[in-house]
Amino acid sequence: MSLFNARRIAHRVRLTACALAALLLTGAFTATGAQAEPRPGDAMRTVAAMQPGWNLGNTMDAIPDETSWGNPRTTQALLRHVRSQGYKSIRIPVTWSNHHGAAPGYTIDTAWLNRVREIVDWSLAEGLYVMINLHHDSWQWINTYPSDRATVLARYTALWSQISTTFRDHPSKLVFESINEPQFAGTSGTEEDARALHELNAEFHRIVRGSGGRNATRLLVLPTVHTASDQPRLDAFLASYNQLRDTNIAATVHFYGFWPFSVNIAGFTRYNAEVEQDLVSTFDRVHNTFVSRGIPVIIGEWALLNYDHTRPGVIERGEFLKFLEAVGYHARLRNLTTMIWDAGQFLNRNELRWRDQGLHDLIRKSWTTRSGTASSDQIYLPRTGAITAQSLTLNLNGTSFRRLRQGNTNLVNGSDYTVSGTTLTLTAAALTRLAGNRAHGVNATIEAQFSQGVPWQISIISYDPPTQADATGTTTSFSIPTRFHGDQLATMEAKYADGRPAGPANWTTFKEFWQHFQPDYNAGGMILKPAFFDEVADGRVTLTFHFWSGTKITYYITRSGTSVTGSTS
């Protein structure tokens with residue numbers, strides 16, 4: 001369990017006097033119940049105290065400047081808000097390559113260094129742990145290290161020497177991360193990659209430790225190659241760690257979920273057993289390789305790759321909620337500190353509010369306890385005709401079901417719904433009432449409440465099967481007229497006449513949501529992207545659109561050069 005939660009958990013489970021005494025002896029918290037500051041050099045406790053963490057993404061790492069990628073200038077109010085939302089640490093990714101002079105000095109621009117220091121100091125003033133690094137430098141110039149060792153090493157050494165000197169007297173709550181997502185060009189493979197990274201990490205370690213002040217005992221965070229979590233990368237890190245002979249080091253990896261699910265390709269629209277197993281296996285590997293040996297681990301970035309408020313529908317909200325809940329639980333179970341990647345898709349920095357409060361509520365609850373979920377957060381009802389009872393499977397996650405509510409009103413067990421084991425069934429009468437006039441779209445929202453955690457919201461949606469019409473266009477501009485009728489798109493398949501997958505990712509018939517196709521609910525269209533046609537041969541292609549109601553629609557396109565025609569038959 002995370003040490004910063006010790007007091008809260010002790011109260012909740014009413015620890016015995018003996019158990020409390022044991023915790024006091026470990027120094028997890030003081031006799032008054034206040035959290036004790038980890039001693040300098042105590043890597044495990046420092047990393048535990050950093051849980052949970054938040055990334056100031058696409059900001060100081062943006063190229064060429066802080067606001068270049070769409071985020072506003074960072075303010076003290078933003079950092080105060082992050083702290084007020086329960087976060088204990090902040091990772092400030094920094095790209096330095098556009099903010100220093102030429103060789104041999106590679107002198108960092110004074111204004112840029114002062115701005116980094118200002119944000120660091122504001123964060124520390126809020127009581128946050130802070131982690132800074134070399135970020136996109138990794139692929140801008142550090143990646144050429146194998147073929148240009150002297151130049152890269154000179155630049156790398158110069159930057160970390162200046163950063164170390166600048167911050168050597170800063171509090172121990174400031175943490176240094178050597179490189180973000182290190183990668184190398186032109187190597188022979190895993191072994192050479194590992195050797196290159198070890199050399200750079202060893203140089204980083206030498207510079208920081210030799211710079212004096214609090215850097216002698218400051219926590220240093222080292223990545224695996226690509227911050228990947230496959231076993232060979234973890235083993236290579238362990239060998240490097242052992243050579244450094246310094247226990248005040250943490251490992252960092254990144255986690256963006258099972259790739260097909262994280263981008264919605266190959267039919268992985270749901271958080272299923274395979275997606276879950278990928279998460280569990282990943283966290284087990286880093287725990288067994290590092291934490292079990294006393295090496296703390298920071299999941300320095302985590303989310304789903306293609307989750308973004310500007311690309312709605314790529315990841316269905318309920319399936320994303322299940323992923324978020326599971327990450328919190330499995331990380332907590334294995335004593336992993338997590339730092340969510342937020343480039344503006346979670347927190348609206350202009351308004352200092354969460355873009356989806358429900359997502360944040362579940363994330364925050366997952367730091368300390370589990371929440372119940374269900375097989376879906378949607379129930380689709382036909383707009384006309386008889387409404388029948390509908391069932392969902394409850395994922396109790398160690399909780400017990402309590403009630404079903406609409407607003408402040410409890411639904412009635414028996415007449416409105418029944419629960420048998422993990423099967424929740426809403427009656428036809430209740431669904432008919434909830435559907436109201438059965439207008440297309442969401443007619444009502446109810447929530448399942450459990451013995452603990454965040455309630456599970458369920459949308460009651462009325463729909464008619466979507467319809468499409470013939471179309472003409474080009475490979476750079478093609479949209480299928482579509483009337484969605486309250487339904488929502490889940491995914492799209494593309495096949496040639498012989499059944500082979502058509503278009504990109506030709507190992508699957510299911511294409512990548514938003515990269516290859518996207519629904520336009522406002523304009524009433526289904527857009528096929530140029531990236532899709534880039535790999536589609538001339539001739540006829542059969543498209544199958546899968547909707548969340550379970551409806552499937554078949555559509556046909558024919559390409560001839562840059563011209564495209566589409567038809568329903």
Side-chain angles (χ1 to χ4, degrees), residues 55 57-64 69 91-100 106 131-160 163 176-205 207 220-241 243-244 249-259 262-263 278 282 285-286 289-290 297-306 339 341 343 515:
N55 270 272
N58 284 17
T59 305
M60 301 309 288
D61 57 314
I63 300 169
W69 289 356
R91 181 173 180 255
I92 306 173
V94 185
T95 300
W96 303 85
S97 56
N98 298 299
H99 301 282
H100 64 70
Y106 299 104
M131 185 158 74
I132 61 173
N133 66 1
L134 268 59
H135 202 76
H136 293 303
D137 306 78
S138 61
W139 56 263
Q140 286 188 306
W141 55 273
I142 293 176
N143 63 327
T144 64
Y145 177 75
S147 60
D148 193 10
R149 186 178 184 278
T151 302
V152 171
L153 195 60
R155 190 173 179 181
Y156 182 80
T157 299
L159 291 179
W160 269 120
I163 297 167
F176 294 157
E177 175 189 20
S178 62
I179 315 167
N180 170 72
E181 298 182 354
Q183 53 197 273
F184 301 103
T187 64
S188 57
T190 302
E191 190 172 322
E192 189 177 354
D193 285 342
R195 186 163 57 250
L197 180 58
H198 172 71
E199 291 171 3
L200 289 172
N201 279 340
E203 182 68 3
F204 163 76
H205 179 267
I207 294 166
L220 303 183
V221 180
L222 304 181
T224 60
V225 174
H226 296 291
T227 54
S229 55
D230 56 294
Q231 196 60 53
R233 307 290 192 193
L234 303 183
D235 291 342
F237 178 100
L238 186 60
S240 177
Y241 173 90
Q243 290 182 59
L244 293 176
I249 288 174
T252 185
V253 298
H254 293 173
F255 183 69
Y256 284 99
F258 184 62
W259 179 73
S262 72
V263 303
D278 175 79
T282 298
R285 284 195 301 274
V286 295
T289 307
F290 299 142
V297 172
I298 299 173
I299 310 295
E301 295 180 15
W302 76 274
L304 286 180
L305 280 177
N306 276 7
M339 308 185 85
W341 177 257
Q515 178 69 18

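Everything numeric here is computed off the predicted structure, so don't read it as measured data. Numbers here simply count residues along the sequence, with the first being 1.
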Taking all non-hydrogen atoms of both residues into account, name the closest pair between [X] and [Y] and its distance.
X	Y	answer
Ser229	Thr282	OG-CG2, 3.2 Å
Ala185	Pro146	O-CG, 3.8 Å
Phe237	Ala250	CZ-O, 4.2 Å
Thr224	Pro182	O-CG, 3.3 Å

(message) Centroid separation under 6.0 Å, is that true for the rings of Trp96 and Tyr106?
(response)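 Between Trp96 and Tyr106, which both carry aromatic rings, the centre distance is not below 6.0 Å.
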(request) Run the ring-centre check on Trp69 versus His136 and record whether the distance is less than 6.0 Å. (result)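 They qualify: ring centres under 6.0 Å apart.
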(request) List in chain and number order the residues that pass side chain to side chain donor-acceptor pair (under 3.5 Å) with Asn133, two or more places apart in sequence or in another chain; answer none if no residue qualifies. (result)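 Applying side chain to side chain donor-acceptor pair (under 3.5 Å) to Asn133 gives His135, Glu177.
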Taking the side chain as every heavy atom from C-beta outward, state whether [X] and [Y] have any atom pair closer than 4.5 Å.
X	Y	value
Val221	Ile249	no
Arg91	Asn180	yes
Trp341	Asn58	yes
Asn143	Ser138	no
Val225	Thr190	no
Leu222	Ile179	no
Ile299	Met339	no
Tyr241	Phe290	no

(request) Please test His254 against Trp302 for side-chain contact (heavy atoms from CB on, under 4.5 Å), starting from the C-alpha separation and ending with a verdict. (result) CA-CA 6 Å; His254 293 173; Trp302 76 274; over 6 Å; no
Between the side chain of [X] and the main-chain N/O of [Y], is any donor-acceptor distance below 3.5 Å?
X	Y	answer
Glu203	Glu199	no
Trp141	Ser97	no
Thr59	Gly57	yes
Ser262	Leu304	no
Thr289	Leu234	no
Thr144	Asp148	no
Thr227	Pro223	no
Thr157	Ala154	no

Working to the nearest 0.5 Å, report the span between [atom1] of [X] and [atom2] of [Y].
X	Y	atom1	atom2	answer
Phe184	Tyr145	CZ	OH	8.0 Å
Thr151	Tyr156	OG1	OH	16.0 Å
Leu238	Gln231	CG	CD	9.0 Å
Ile92	Ile132	CD1	CD1	7.5 Å
Asp61	Asp137	CG	CG	10.0 Å
Leu134	Ser178	CG	OG	8.5 Å

(message) If the condition is salt bridge (Lys or Arg N to Asp or Glu O under 4.0 Å), which residues does Arg285 pass it with, not counting sequence neighbours?
(response)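 In terms of salt bridge (Lys or Arg N to Asp or Glu O under 4.0 Å), with neighbours along the sequence ignored, Arg285 is linked to no residue.
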(message) Can you list everything that forms a salt bridge (Lys or Arg N to Asp or Glu O under 4.0 Å) with Asp193? Sequence neighbours excluded, please.
(response)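 Per chain and number, Asp193 pairs via salt bridge (Lys or Arg N to Asp or Glu O under 4.0 Å) with Arg233.
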(request) For atom CD of Glu191, decide whether the heavy atoms of other residues, nucleotides or ligands shown that lie under 6.0 angstrom number more than 12. (result)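 At most 12 heavy atoms, drawn from other residues, nucleotides or ligands, come within 6.0 Å of this atom.
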(request) Would you please test Ile298 and Val253 for side-chain contact (heavy atoms from CB on, under 4.5 Å) and show each step? (result) CA-CA 7 Å; Ile298 299 173; Val253 298; over 6 Å; no
(request) Decide side-chain contact (heavy atoms from CB on, under 4.5 Å) for Met131 and Phe176; before the verdict, give the C-alpha distance in whole Å, the side-chain angles of both, and the deciding distance to 0.1 Å. (result) CA-CA 6 Å; Met131 185 158 74; Phe176 294 157; over 6 Å; no
(request) Start with the C-alpha distance between Gln140 and Ile63, add both sets of side-chain angles, then the distance that settles side-chain contact (heavy atoms from CB on, under 4.5 Å), and finish with yes or no. (result) CA-CA 11 Å; Gln140 286 188 306; Ile63 300 169; 3.4 Å; yes
